[in-house]
Amino acid sequence: MSEETEPGREPDPVAERHETTCALRDGTRLRTVLLVPHGSGPWPALLTRHPYDATRDEHEGMLDVRRLVAAGYLVALQDVRGRFGSEGVFDPCAQEVADGADAVAWLAALPECTGAVGMWGASYASDTQFSALLGGAPALRAIAPAMTPAMSALDGFRFRGGVPEIGSTLAWTHYAIAPDLIARIESAREREAERGRWEATERAIGSGEAFRAGALSACPDAEAIVVWGLDRLREPLGSARHRAGKIVDRIDAIDVPVLLTGGWFDVFLGSTLEIYRRLLRRAKDTGGPVPRLLVGPWTHDDMSGRTAGVDFGPGASAGDLGGGGDLTARHVRWFDAALRAVPADTPPVRVFLMGSNRWVELEEFPPRGTRTLELYLGAGGSLAAGPAGSGERRLTSDPASPVPTCGGAVLLFAPFGAGPADQAPIEARQDVVSWRTVPLAEELTVMGAVRAVVHLTTTGTDADVVVRLCDEHPDGGSRVIADGVQRGSARLVDPVTGLGDRRPVEPDQEQEFAVDLWSTAHTFLPGHRVRADIAPSSSPRWDVGRNVFEPARAMPAGATEAPPVAEYAIRHGAAHPSRLILQVVTEAPVQHRDETGREHARPVSPACR
């Protein structure tokens with residue numbers, strides 16, 4: 001008896017599995033697994049392309065591909081150029097524009113396909129979707145990118161606030177990409193030499209040498225892909241290489257329905273939400289397709305709803321979504337609407353409201369009717385709705401002893417995990433200063449942008465300012481909700497386009513730092529406090545600043561000058577209005593069900609006046 005007919009076992013929805021090759025315009029062949037439904041076809045096709053071994057998606061991908069097949073889709077899983085079963089040399093991001101367009105055209109032309117193609121996937125597999133559109137892919141009718149860095153290389157991908165993302169660059173190049181590239185080297189001698197360089201990088205990460213202050217000016221004996229990644233971090237912010245495969249200048253090319261999935265603790269949350277905002281603005285202006293948005297309490301690689309010691313509840317995972325089906329079911333319904341014209345039955349936005357620990361469905365994010373709440377830094381570490389008397393608090397920025405990264409929206413290596421980690425051990429350091437409100441008498445719901453304005457003087461010619469929004473619990477625990485960084489020399493550079501000039505900071509002259517903490521959806525409960533932490537660094541997440549202005553490529557490789565210590569003074573008061581700026585809802589949305597069982601958002605009593 002076959003597995004498909006065993007009693008109690010569901011029949012396999014995959015009628016045929018073909019491992020074939022997709023020929024690109026230059027003759028390079030890409031390994032592609034085709035999963036064909038039962039029946040006569042043809043079917044619309046769903047494609048995912050990435051560098052992480054596409055065969056893994058058959059059993060452990062973001063979506064259950066067999067359920068996609070069962071829903072009547074021809075499914076294609078593809079290794080990109082130069083990875084695993086595909087030919088060629090891997091050139092990250094840049095190769096995907098032409099290759100993506102070719103892959104879509106090839107799939108659409110198969111006799112099993114109707115000619116309509118959708119794409120899905122997270123991280124790099126989200127980049128390949130946008131790249132295919134940039135390359136010209138008329139058969140690509142809908143995309144579902146998740147945790148996507150496709151907007152810009154400068155807002156969480158390679159940089160954030162002008163500071164190189166050295167930690168995630170090392171994590172991705174060394175752990176996710178290098179092993180397969182090393183295994184592909186034909187010469188045993190060269191392969192062993194490259195493996196030796198991988199081991200050297202591993203030791204440098206373990207010792208901290210790989211991300212110490214000045215690491216980007218060193219000449220590491222690293223494997224080729226790590227050298228490639230670090231070289232990109234040395235490029236000027238306005239470099240054309242940062243635009244390769246990104247849509248920062250080409251939002252007009254995204255002319256198909258888009259379902260965006262993000263995580264509140266994902267390293268690419270900023271890019272995901274910026275794409276959503278721009279597509280929504282264009283839809284309002286031109287009448288184009290309204291983007292769909294789903295954001296959960298997730299990290300880049302964990303959608304369980306349990307992270308950093310916090311369990312957001314059984315409905316917080318991608319396997320549940322609080323009712324109405326899991327992530328795969330939601331994608332099937334959306335692709336049915338986009339590719340088969342089945343009427344959509346869900347509001348455009350569904351976000352998880354942390355603190356309250358429930359899903360909220362909205363017409364757009366942030367919801368209409370939000371207002372701005374400014375909380376001012378004050379004397380004695382107070383955080384209040386109005387500026388108090390003038391004063392300052394000091395801290396020392398010592399590049400030799402940076403503040404360790406502790407949770408947040410990160411993509412790093414052990415032991416530096418992502419999520420709402422307790423900041424109490426970090427807040428005990430002398431170089432971390434905090435401000436907090438009095439215990440709240442009623443709920444305060446933040447749903448939208450989080451920003452900070454910091455008035456600061458430094459004895460150096462450059463300075464990094466890290467700001468964290470935390471939820472301080474009655475027991476003293478302090479959980480990070482959102483965070484951001486700004487390098488002083490890049491304060492006039494557009495954080496998405498890279499346009500603008502870097503300039504040194506004037507020592508002992510007050511500067512205003514605007515720090516973008518991206519966005520969140522979080523309810524501070526009664527008895528909790530809103531807390532703001534400010535620090536000069538977060539390592540290994542971000543490159544440790546040297547307190548010295550360094551024009552691009554000004555330091556010769558291998559330079560080892562010890563960076564100086566700098567003294568910061570963070571000023572506050574009416575004349576120096578350092579403050580936290582929160583987008584809050586006047587009436588917190590809750591869910592209710594109509595007579596059909598569908599959930600909708602509706603307002604309740606004021607959360608904060």
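Sequential numbering from 1 along the given sequence is applied to the chain's residues. Heavy atoms only: backbone and side chains are in, while hydrogens, waters and symmetry mates are out.
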Classify the ring geometry between W264 and F365 as parallel (under 30°), tilted (30 to 60°) or perpendicular (over 60°). tilted
Evaluate whether atom CZ of R333 has more than 12 neighbouring non-hydrogen atoms of other residues, nucleotides or ligands under 6.0 angstrom away. yes
Who are the salt bridge (Lys or Arg N to Asp or Glu O under 4.0 Å) partners of R491, not counting sequence neighbours? none
Going by ring-ring contact (aromatic ring centres under 6.0 Å, His included), name the residues that satisfy it together with F416, two or more places apart in sequence or in a different chain. none
Heavy-atom donor-acceptor pair, W228 side chain to T173 backbone, under 3.5 Å: no
Within 45° of the ring axis of Y73 and under 6.0 Å from its six-membered ring centre, is that where the NZ or CZ of R340 lies? yes
Donor-acceptor contacts, no H, no angles, side chain residues 283-298, under 3.5 Å, sequence neighbours left out:
unit_1: K284; atom_1: NZ; unit_2: E364; atom_2: OE1; d: 3.1
unit_1: K284; atom_1: NZ; unit_2: E364; atom_2: OE2; d: 3.3
unit_1: T286; atom_1: OG1; unit_2: R282; atom_2: O; d: 2.7
unit_1: T286; atom_1: OG1; unit_2: G288; atom_2: N; d: 3.4
unit_1: R292; atom_1: NH1; unit_2: T346; atom_2: O; d: 2.5
unit_1: R292; atom_1: NH1; unit_2: P347; atom_2: O; d: 3.4
unit_1: W298; atom_1: NE1; unit_2: M303; atom_2: O; d: 3.4
unit_1: W298; atom_1: NE1; unit_2: A316; atom_2: O; d: 2.8

Distance-only side-chain donor-acceptor flag, D326 / T328, under 3.5 Å: no
Those residues at least two apart in sequence (or on a different chain) that pass ring-ring contact (aromatic ring centres under 6.0 Å, His included) with F159 are H242
May I have all residue pairs that pass salt bridge (charged side-chain N to carboxylate O under 4.0 Å, His left out) and include part of residues 109-134, sequence neighbours excluded? D127-K246
Would you mind listing every salt bridge (charged side-chain N to carboxylate O under 4.0 Å, His left out) that reaches into residues 158-173, with sequence neighbours excluded? none
Could you list the donor-acceptor pairs under 3.5 angstrom formed by side chains in residues 220-227, with sequence neighbours left out?
unit_1: E223; atom_1: OE1; unit_2: T201; atom_2: OG1; d: 2.6
unit_1: E223; atom_1: OE2; unit_2: H174; atom_2: ND1; d: 2.6

With R29 via salt bridge (Lys or Arg N to Asp or Glu O under 4.0 Å) - residues at least two apart: E87
According to the salt bridge (charged side-chain N to carboxylate O under 4.0 Å, His left out) rule, which pairs have a member within residues 269-280, sequence neighbours left out? E274-R277, E274-R278
Apply side chain to side chain contact (heavy atoms under 4.5 Å, CB included) to R141 and list each qualifying residue two or more places apart in sequence or on a separate chain. A116, L339
Answer with yes or no whether the side chains of S538 and T405 bring together a donor and an acceptor at under 3.5 Å. yes
Residues passing the salt bridge (Lys or Arg N to Asp or Glu O under 4.0 Å) test with D102, sequence neighbours excluded, are R25
Contacts of E58 that satisfy salt bridge (Lys or Arg N to Asp or Glu O under 4.0 Å) - sequence neighbours left out: R17
